[in-house]
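It should be emphasised that the depicted structure is a prediction, and the values quoted were computed from it without experimental measurement. Only this structure's heavy atoms are used, side chains among them; waters, hydrogens and symmetry mates stay out. Below, chain A is the first sequence line, B the second, and so on; all start at residue 1.
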Number of protein chains: 2
Amino acid sequence: MKLSEKRVLKKKEQIILSAIKIMNRKGYNGATMEEIAAELLMTKGALYYYFKNKEDLIFQCHELVLTNAIEELQVHLEEPVSYETRLRNMIKTHIAYAIKEKETFNMILKPDETFSSEQLKPILLKRQEYAHQFDTVIKEGMKANEFTITELKIARMILLGSMNWIQQWYQPDGKFNVEELQNVYADYLLKVVK
Amino acid sequence: MKLSEKRVLKKKEQIILSAIKIMNRKGYNGATMEEIAAELLMTKGALYYYFKNKEDLIFQCHELVLTNAIEELQVHLEEPVSYETRLRNMIKTHIAYAIKEKETFNMILKPDETFSSEQLKPILLKRQEYAHQFDTVIKEGMKANEFTITELKIARMILLGSMNWIQQWYQPDGKFNVEELQNVYADYLLKVVK
DNA sequence: TTAAAATTTGAACCTTGTTTAAAAAGTGAT
DNA sequence: ATCACTTTTTAAACAAGGTTCAAATTTTAA
């Protein structure tokens with residue numbers, strides 16, 4: 001890889017990080033191309049040298065965050081503990097991540113509307129990859145007779161959906177701190193698969 | 001109430017219904033004031049005679065849908081069946097509603113960002129009212145020893161969150177039809193509170 | 001040093017929400 | 001039916017923010 005390509009990649013990443021930062025603060029619509037650029041002392045026009053458009057930029061934010069999340073989950077998949085404990089740890093990790101990366105992690109993607117299928121496909125794949133890790137533990141846990149579930153996909157959707165929803169109501173200064181949330185959610189969600 | 005006031009109310013409702021219709025098809029950003037107006041053979045400017053701005057209109061869509069949903073739920077609260085069955089029916093109703101009213105029912109409200117707290121308060125109250133109905137069955141079911149839950153709020157959040165998430169992935173032509181979805185979700189979610 | 005390539009700029013454009021003055025339509029009293 | 005008054009609608013203009021593009025600037029490599 002040439003030096004120039006490396007520089008482009010680095011710049012892209014800076015822009016993505018800037019976008020993530022601002023989006024987590026102001027949401028998708030609140031984060032203007034101008035502000036994202038200003039953060040890096042650029043003008044908004046320059047962003048279009050690196051990204052096709054705002055959608056593209058946001059997608060790549062999504063992808064970066066998802067990629068990191070997948071890596072974080074991976075670890076738990078191979079821990080030498082019961083499947084119940086593995087799933088519990090994955091639940092905790094997911095909750096921590098969903099709260100930390102409020103906007104980006106859980107951005108709402110609507111295939112039909114805003115986004116082109118070109119942009120969408122890799123993201124959906126990454127999402128599947130992420131979700132698949134949950135499927136894996138659940139399946140293995142079933143083989144080991146720790147879990148009993150007939151509709152794997154729905155069970156997983158219930159787990160992820162309920163956790164993602166936390167963003168809708170969680171306030172850092174509310175009744176529960178993150179740790180309590182993680183534990184109670186893990187307790188209750190494990191009841192679903194057991 | 002004067003005739004003119006009645007006419008205004010009727011027109012407001014027409015606009016709200018038009019907005020709901022278009023939003024459910026194209027999402028929040030996809031529904032332009034122009035298209036909402038065109039549906040009723042008006043120009044977008046006229047909408048501002050009835051609503052302060054787009055936010056206001058959307059909020060009122062939200063409120064209408066929520067009000068109807070609350071009424072539909074209410075019925076199940078008083079059915080002369082076990083609490084488990086009541087909750088099961090409420091779950092089914094919620095899922096049907098969440099799918100039918102995709103965009104509107106579950107519109108994401110972000111207090112800090114786009115919306116003024118004036119507009120937000122009544123919606124949050126309505127939401128609480130809706131959620132409270134779930135709390136009620138769960139509490140009553142606990143008194144009757146049908147359910148065992150210590151963190152009521154979190155249990156309810158898990159129920160509603162997992163159901164609302166269905167919108168993120170549900171396709172009318174997918175593997176599951178609505179009825180199957182309702183039954184499997186009910187089965188699994190009841191495990192949470194039991 | 002210089003020509004080509006890469007990057008950035010700033011201005012212009014487009015779409016969409018919002019405002020507003022004026023036009024049109026409706027209403028009620030005479 | 002007419003006139004004054006109110007309600008409703010329009011069309012045009014504006015503002016904000018995403019997007020494009022030709023030109024200017026900067027970087028790169030020989």
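- Using modelled atom types and a 3.5 Å distance limit, the side chains of B:E72 and B:N68 yield no donor-acceptor pair.
- Atom OH of A:Y49 is separated from atom P of D:dT19 by 19 Å (rounded to the nearest Å).
- For A:T150 and B:Y188, the side-chain atoms include at least one donor-acceptor pair closer than 3.5 Å.
- Here B:T43 reaches the OP1 or OP2 of D:dT10: one of its side-chain N or O atoms lies under 4.0 Å away.
- Per the geometry, CZ belonging to A:F51 stands 18 Å off C1' belonging to D:dT20, to the nearest Å.
- Side chains of A:N183 and A:K92: a donor-acceptor N/O pair is present below 3.5 angstrom, by distance only.
- A:K153 forms no cation-pi arrangement with B:F176, by the criterion of a distance under 6.0 Å to the ring centre and an angle within 45° of the ring axis.
- The backbone N or O of B:N177 sits less than 3.5 Å from a side-chain atom of B:E180, completing a donor-acceptor pair.
- Whole-Å rounding puts the B:L40 CG to D:dT8 P distance at 15 Å.
- Taking atom CG of B:L47 as the reference point, atom P of D:dT9 lies 10 Å away to the nearest angstrom.
- Closest to the side chain of A:R7, out of C:dT9, C:dA6, D:dT10, is C:dA6.
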message = Does the protein touch nucleotides 15-22 of chain C at the base, only the backbone, or not at all? Give it as B, S and - per nucleotide, heavy atoms under 4.0 Å.
response = -SBBB---

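- In this structure, the CE atom of B:M42 is 12 Å from the P atom of D:dA11, given to the nearest Å.
- Rounded to whole Å, atom C1' of D:dT7 lies 18 Å from atom NZ of B:K10.
- When the salt bridge (Lys or Arg N to Asp or Glu O under 4.0 Å) test is applied to B:E146, no partner is found at least two apart in sequence or on another chain.
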